[in-house]
Trainee: 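Can you read through this structure? Questions will come right after.
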Amino acid sequence: MISIVIISHSAKLAAGVKELAEQMVHTSVPIAIAAGIDDPENPFGTDVLQVQAAIESVYSDAGVVVLMDLGSAVLSAEMALEFLDEEQKPKVRLCEAPLVEGAIAAVVQAAAGGDIDQVIAEARSALTAKASQLSVVDSNDSTEFDPVGGMGILPVGGTGILPVGGTGILPVVRYATTTKEIHLTVQNQQGIHARPAAQFVTTANRFNSEITLQNITKTSNIVNGKSINNVMLLGIQQGDEIVIKAVGEDAELALIALQQLVDNNFGETVNKAKEDINQDSNPPSNQSLHPSSVTLDRLVGIPAAAGIAMGAVIVYQPKLPEIIEEQTDNPQAEWETLQLAIKTAQQQLQHLINTVTKDQADIFQAHLLYLDDPALVNRAYQIIVDQHLWAGAAWKTVIDETVANYQTLEDSYMQARGNDVIDVGWRVLRLLTNRKETCLDVTEPGILVARDLTASEVAQLNPSQVRGICCASGSATAHSALIANMLGIPMVVGVGQDLLSLPAGTELALDGTTGQIWVEPSEERKQELQLQSNSKDELPTEVITKDGHKIPLMANVLGEADAKLALDCGAQGVGLLRTEFLYLERLTIPSEEEQLATYQAIAEIMGTHPLTIRTLDIGGDKPIPFLNLASSDAPSARHTPEPNPFLGWRGIRQSLDCPEMLKIQLRAILRGSYGDNIKVMFPMVSSVEEVRAAKEILAEAKAELRQEGYGFNEQMPVGIMVEVPAAVTMADQLAAEVDFFSIGTNDLSQYVMAADRTNPKVAKLADALEPAVLRMIQQTVTVAHQAGIPVSVCGQLASNPVGIPILLGLGVDELSVNPPAIATVMSVISQLTINQAEMLAGEALQLDSAVGVREYIINQLDRSV
């Protein structure tokens, strides 16, 4: 595959372009960035050696395409090219294409298997598609072929010049009677924009047939369907009719796949016009509805997330913090309290980002920006100082003002962003009033009815319990609707305030595609809707390899909702309960009783399944702002930021320095273990001394509980996280102290490779597929099995389809992954035999790079399919 290098003066710009391009394809394209310089005062610029290193990091004989922004980036690229080996130079090409559009086009073409000329041609022609969309270029231009851009357009009528993959000229093609074609109408609200275009091209490139596309509505030219720029150039909008033609031996299969893509609206939510709703189910949306007048059997709202849902009404009324406008005689203290609450809210969001899907993470990344917005923070400071209001009242005033400003905008999408401000605003207010985030605890499946929902509230919903969402207000473009769509929960918004008069238990049915809602639907209506609804297959109760070996598959969770979701996804227990969420939810240390209630609730959800609780693991990328203020026994040096937190006060080191806080947590875990299948493990262990010290505190907690008459599991298993090389080299002695190991491959990778995984300049080095990391895993497993204890892997490698066969082949006993990844892991395991996994692992250990391991495993798995 062709590799891509992005050179820019700005590191943030380059990282953003890389991320955007990667979102366009499902295949991993080698991309490296060389951007910015190491100068805190002026980080903008380019470095020749950095460019050379980037090229060499992704170099392959297939070729490398280098994209640049301007000025010194071009000069640095040219100079770096001179520094390359003579045999490498001919295979590295500098491309003058626009950086953002060119990178997207190049990555899509590279993922489709294009050669270096095709990739460069697509990148160069990227600007044409954008110009066409802005009407700078006439898309009906009679030009048949642009030899520089490689656009390759066929005129209407089916004859002309069709380049292969966007470049090159073939003889004129006259379609024979064997040509297959389909006519479709595009329903996407934004038409075939960048992401749908990328999906179309990626799908088209899976087939050998020549595929063309034409916008019938606009009488456009016929273009090459395997070129993202050609596809985007057509300017296909919602409601436009298109014709797709295919010529070749697999033409029929290609058209079936492309039709399915278009019919499924490229995976996007579609807002149909009201004219498309059946006339018999379109009553006035402002018609009054009261508990005594449920004879009205239909409502209509705004479709927000597609799907059919039926069930009883579950009324949700969030308990919002009560804010009283009290005065303060110490504005400085209130300002410091607000800063601490904001910082804690940022940590909550970062923790959330690390545990949700990438698309959901993007939404909460935007929330982080609101908390960094000087317009909000400075305004709050001004109110505190000028009006002497306490922190909560000042912050609420700012949030109310900002939301009101959003509501005055005409653009509905921008109006919906006001809901994001409310979301982050409430998060800070809950911290200031010491109130935990409202937990949507749904005990029976049904339809959630609310005034409106924030993105954070929707993100914690369990799709197996919340069958659908119906909101009195809200917007289809709000982030709450986007997350509902990601979770597969049908959603209708903007129904009207009378919706809130429906009593709990009222039966509802809704169609998230049309916006229709039926109150107390008839049996005939329910049967009709049931036929439209896609039934879900039952999840297997066991995860078994192709040759019959059972592999325990656990989940990494943080809270009750996550635990419920894990079981619904097919998890056989919890391999890692991250307890940090208990501490991130507040400005003070959680009490023993509060922790106990949470552990017992999760244990009850798990039933007989195991629950492994990791003690507090903070530091590095997970600091807790209040800890330095709350821990009286913490050395004063810790009141200042650490220069290198990943090598600093984190994990078990912090816990042992705050023994009373650790004992509180261990007492809660022990009390929760009574009658339940609970284990405890300590994070970031690097020495035997640390384990013994932690076990000593555990023994003290046990002695206290015995004296106080509390029951607990005297034989509760104790384990450690293996995350640093020191733990691997001392694994034989550590194994004598504990009952199990759990390998955290994320941290182990960065410590083995001496590369901070949060630093974009070196993060790619912290790859768990590096043979050095794999050998560490092998050594750990071997020593553990010799000592008679099991080994689990709970890092991201456990959910990587390339890493799974290696882990099984190395003898790992158990995998623990985030709930959304469980289905993928099950599928991969079911297609493997243990002998095959052992063979793949043995070969992988002999390779010399993560790239080599990845390519080898993928090639071997492809051959076995």
Trainee: Minimum heavy-atom separation for P490 and A309, please, with both atom names.
Mentor: CG-CB, 4.0 Å
Trainee: Output the distance between atom CG (L448) and atom CE (M491), rounded to the nearest 0.5 Å.
Mentor: 9.0 Å
Trainee: Does the side chain of N265 come within less than 4.5 Å of V186's, by heavy atoms?
Mentor: no
Trainee: Atom CG in L368, atom CD in Q348: separation rounded to 0.5 Å?
Mentor: 11.0 Å
Trainee: A side-chain contact here means heavy atoms from C-beta on lying under 4.5 Å apart; do M310 and K526 qualify?
Mentor: yes
Trainee: When you measure from the side chain of D423 to the backbone N and O of T454, does any donor-acceptor pair fall under 3.5 Å?
Mentor: no
Trainee: Does some side-chain heavy atom of I517 sit less than 4.5 Å from a side-chain heavy atom of V492?
Mentor: yes
Trainee: Can you give me the closest heavy-atom contact between L499 and C470, atom names plus distance?
Mentor: CD2-O, 3.7 Å
Trainee: Which heavy-atom pair separates A563 from I602 by the least distance, and what is that distance?
Mentor: CB-CG2, 4.0 Å
Trainee: Main chain of M554, side chain of Q572: is a donor-acceptor contact present, judged purely on distance under 3.5 Å?
Mentor: no
Trainee: Enter the distance from I353:CD1 to Q346:CD here, rounded to the nearest 0.5 Å.
Mentor: 10.0 Å
Trainee: May I ask you to decide if G672's main-chain N or O and Q600's side chain share a donor-acceptor pair within less than 3.5 Å?
Mentor: no
Trainee: Can we say K396 and D400 salt-bridge, meaning some charged N sits less than 4.0 Å from an Asp/Glu carboxylate O?
Mentor: yes
Trainee: If the condition is side chain to side chain contact (heavy atoms under 4.5 Å, CB included), which residues does E326 pass it with, not counting sequence neighbours?
Mentor: I324, W390
Trainee: With the side chain counted from C-beta on, respond yes when L461 and I469 share a heavy-atom pair under 4.5 Å apart, and no when they do not.
Mentor: yes
Trainee: So do the side chains of L577 and L611 get within less than 4.5 Å of each other, counting heavy atoms only?
Mentor: yes
Trainee: Quick one: does any side-chain atom of S480 pair with a main-chain N or O of L453 as donor and acceptor, under 3.5 Å?
Mentor: yes
Trainee: For a quick check under 3.5 Å, do S591 and E594 share a side-chain donor-acceptor pair by atom type?
Mentor: yes
Trainee: If we ignore hydrogens and angles and just use 3.5 Å, is the side chain of N215 paired with the main-chain N or O of T217 as donor and acceptor?
Mentor: yes
Trainee: Answer whether the closest heavy-atom distance between the side chains of E325 and L389 falls below 4.5 Å.
Mentor: yes
Trainee: For the OG1 atom of T402 and the CG atom of D420, what is their distance to the nearest 0.5 Å?
Mentor: 12.5 Å
Trainee: List in chain and number order the residues that pass salt bridge (charged side-chain N to carboxylate O under 4.0 Å, His left out) with E241, two or more places apart in sequence or in another chain; answer none if no residue qualifies.
Mentor: none
Trainee: Between G515 and P303, what is the shortest heavy-atom contact and its length?
Mentor: N-CB, 3.7 Å
Trainee: How long is the gap from CD on Q530 to CZ on R525, to the nearest 0.5 Å?
Mentor: 14.0 Å
Trainee: Check salt bridge (charged side-chain N to carboxylate O under 4.0 Å, His left out) between D263 and all other residues, then give those that pass, not counting sequence neighbours.
Mentor: none
Trainee: Please report the shortest heavy-atom distance between A305 and A481, naming the atom on each side.
Mentor: CB-O, 4.3 Å
Trainee: Okay, side chain of S827, backbone of T824: is any donor-acceptor separation there less than 3.5 Å?
Mentor: no
Trainee: Do V315 and Q317 have side chains that get closer than 4.5 Å, going by heavy atoms?
Mentor: yes
Trainee: I want to check something: taking the side chain as every heavy atom from C-beta on, are L510 and I308 in contact at a cut-off of under 4.5 Å?
Mentor: no
Trainee: To the nearest 0.5 angstrom, please state how far the CG atom of L500 sits from the OG atom of S473.
Mentor: 8.0 Å
